[in-house]
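Take a look at the structure below.
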Amino acid sequence: TCLLEYDGDPFKDRSVVDMGERMESMNDIGLQQPIVVLPFGELGQYQILSGRRRKNAAVALGWSEIDAIITELDDAQAVRAVIETNLRYRKMLLPSEKAYAYKMQLDAVKKQGKRSDINGLETSAQNAQKLSREVIAEQSNTSQDDIQRHIRLTNLIPAFLDMVDAETIPFMVGYELSFLPHETQTIIEAYLNSENGHPISVKQAQLIKKSAGMQKISAASDVVTLLEGRTTKSRQFKIRFNRNRLEPYLNRIHNQSDL
């Protein structure tokens with residue numbers, strides 16, 4: 001038997017402490033909940049839908065066997081099983097994990113094409129996607145706007161996504177930068193990592209996004225120009241004159257030179 005990780009699983013194993021606690025628990029009281037697997041490829045191969053960390057702990061403990069529930073699901077159902085289980089039981093999730101998890105759930109609905117809503121009535125793919133956002137928002141105790149903002153992060157270059165995860169740049173800065181082409185993002189990332197680079201605020205990120213729609217950002221110097229405000233709009237002034245005081249002079253103006 002060969003246990004494989006689910007292809008495209010967006011969740012990461014990053015906590016050594018959690019792994020240690022899981023190993024200690026499994027060593028003391030055994031496996032309390034079987035893992036869930038899906039037949040895959042050749043005979044004897046299975047993808048893990050739920051329980052990857054339990055399986056890794058079992059391997060670390062030297063176990064040769066682990067209790068598993070074998071299930072038969074289509075691709076869309078398998079995606080939802082992987083995502084919903086992790087969203088429900090994981091304590092801390094990175095913005096990138098949520099981003100790809102939410103996106104995978106919505107993509108699964110698109111593949112299904114049609115589904116039944118809570119009243120048992122068929123809905124179109126567009127309405128199904130809307131319903132899915134509502135369900136995800138309710139399950140995750142968040143808003144639909146928050147889900148959409150997270151999904152936008154999947155448009156970031158890897159370097160920026162890592163910076164959002166590490167809180168090197170704020171979440172909303174990452175959201176604003178996600179609207180830029182990858183080429184432009186790469187230029188901005190190079191600026192931030194340069195000696196003269198400075199952190200970008202949400203307002204500055206919005207300025208860059210707006211400016212990128214009107215002019216091409218082709219070098220770090222363009223970013224500096226935008227952020228340091230070297231391009232300033234010419235200020236217009238209005239001067240008011242008292243007509244009575246000017247009246248004696250107006251009769252003397254006959255051409256441009258007199259003016």
Side-chain angles (χ1 to χ4, degrees), residues 6-14 79 82-83 86-87 90 92-111 125-126 129-130 132-134 136-137 140 142-236:
Y6 185 78
D7 187 32
D9 188 340
F11 302 101
K12 306 172 183 177
D13 289 327
R14 59 186 184 278
V79 167
V82 171
I83 302 304
N86 280 279
L87 290 177
R90 292 220 178 191
M92 299 293 293
L93 290 172
L94 296 172
S96 63
E97 292 176 321
K98 288 184 179 182
Y100 280 99
Y102 294 151
K103 185 176 187 300
M104 288 175 67
Q105 281 185 302
L106 291 180
D107 287 346
V109 172
K110 291 179 183 178
K111 289 181 180 179
Q126 183 178 2
Q129 184 173 354
K130 180 180 178 181
S132 181
R133 286 199 300 267
E134 294 174 355
I136 297 169
S140 305
T142 186
S143 67
Q144 293 187 54
D145 288 341
D146 182 62
I147 290 171
Q148 290 180 316
R149 282 193 290 266
H150 272 89
I151 292 176
R152 277 296 324 171
L153 296 185
T154 63
N155 294 285
L156 286 174
I157 59 174
F160 272 152
L161 195 55
D162 288 342
M163 292 171 76
V164 173
D165 280 345
E167 300 183 354
T168 306
I169 59 175
F171 177 91
M172 287 305 298
V173 169
Y175 168 76
E176 296 293 345
L177 295 178
S178 71
F179 290 90
L180 300 174
H182 280 191
E183 179 183 358
T184 304
Q185 291 185 40
T186 301
I187 292 171
I188 297 171
E189 190 265 335
Y191 160 77
L192 290 177
N193 289 323
S194 67
E195 293 183 0
N196 298 321
H198 299 286
I200 295 178
S201 67
V202 175
K203 287 187 176 180
Q204 288 175 321
Q206 292 171 339
L207 172 63
I208 293 173
K209 182 179 73 173
K210 182 179 179 180
S211 300
M214 299 182 291
Q215 65 186 65
K216 184 177 181 180
I217 297 176
S218 56
S221 58
D222 296 331
V223 181
V224 174
T225 299
L226 283 172
L227 296 184
E228 295 187 1
R230 293 181 183 175
T231 54
T232 57
K233 295 182 178 180
S234 58
R235 299 179 64 185
Q236 296 182 350

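Evaluation of the ring-ring contact (aromatic ring centres under 6.0 Å, His included) rule for Tyr175 yields Phe179 as partners, not counting sequence neighbours. The ring-ring contact (aromatic ring centres under 6.0 Å, His included) test applied to Tyr100 returns no partner, not counting sequence neighbours. Looking at residues two or more places apart in sequence or on another chain, you find a side-chain contact (heavy atoms from CB on, under 4.5 Å) between Asn193 and Glu189. Considering only residues two or more places apart in sequence or on other chains, Asp165 meets the side-chain contact (heavy atoms from CB on, under 4.5 Å) condition with Lys12, Leu94, Pro95, Ser96. Tyr102 meets the ring-ring contact (aromatic ring centres under 6.0 Å, His included) test with His150; sequence neighbours excluded. Evaluation of the salt bridge (Lys or Arg N to Asp or Glu O under 4.0 Å) rule for Lys98 yields no partner, not counting sequence neighbours. Gln185 pairs by the side-chain contact (heavy atoms from CB on, under 4.5 Å) definition with Leu156, Ile157, Phe160, Leu180, His182, not counting sequence neighbours. Among residues two or more places apart in sequence or in another chain, the salt bridge (Lys or Arg N to Asp or Glu O under 4.0 Å) test is passed with Lys210 by none.
Put simply, the side chain of Thr154 gets close to the backbone of Ile151: a donor and an acceptor are under 3.5 Å apart.
The salt bridge (Lys or Arg N to Asp or Glu O under 4.0 Å) pairs that include a residue from residues 168-187 are Glu176-Lys209, where partners are two or more places apart or lie in different chains. Residue pairs meeting the salt bridge (Lys or Arg N to Asp or Glu O under 4.0 Å) criterion with at least one partner in residues 199-208, sequence neighbours excluded, do not occur; the list is empty. Within the structure, no pair that satisfies the salt bridge (Lys or Arg N to Asp or Glu O under 4.0 Å) test touches residues 142-153, not counting sequence neighbours. Sorted by first then second residue, the salt bridge (Lys or Arg N to Asp or Glu O under 4.0 Å) pairs that include residues 154-164, not counting sequence neighbours, number zero.
Between Gly174 and Leu153, the shortest heavy-atom contact is C-CD2, 3.9 Å. When all heavy atoms are compared, the tightest approach of Val173 to Ile200 is CG2-O, 3.4 Å. Contact record, Ala205 with Leu177: CB-CD2, 4.2 Å, taken as the closest heavy-atom pair. A pairwise comparison of heavy atoms in Tyr6 and Val79 identifies OH-CG2, 3.4 Å as the closest pair.
Here the CE-CD1 distance, from Met104 to Ile83, works out to 4.0 Å after rounding to the nearest 0.5 Å. We find the OG-CE distance between Ser201 and Met172 to be 12.0 Å, quoted to the nearest 0.5 Å.
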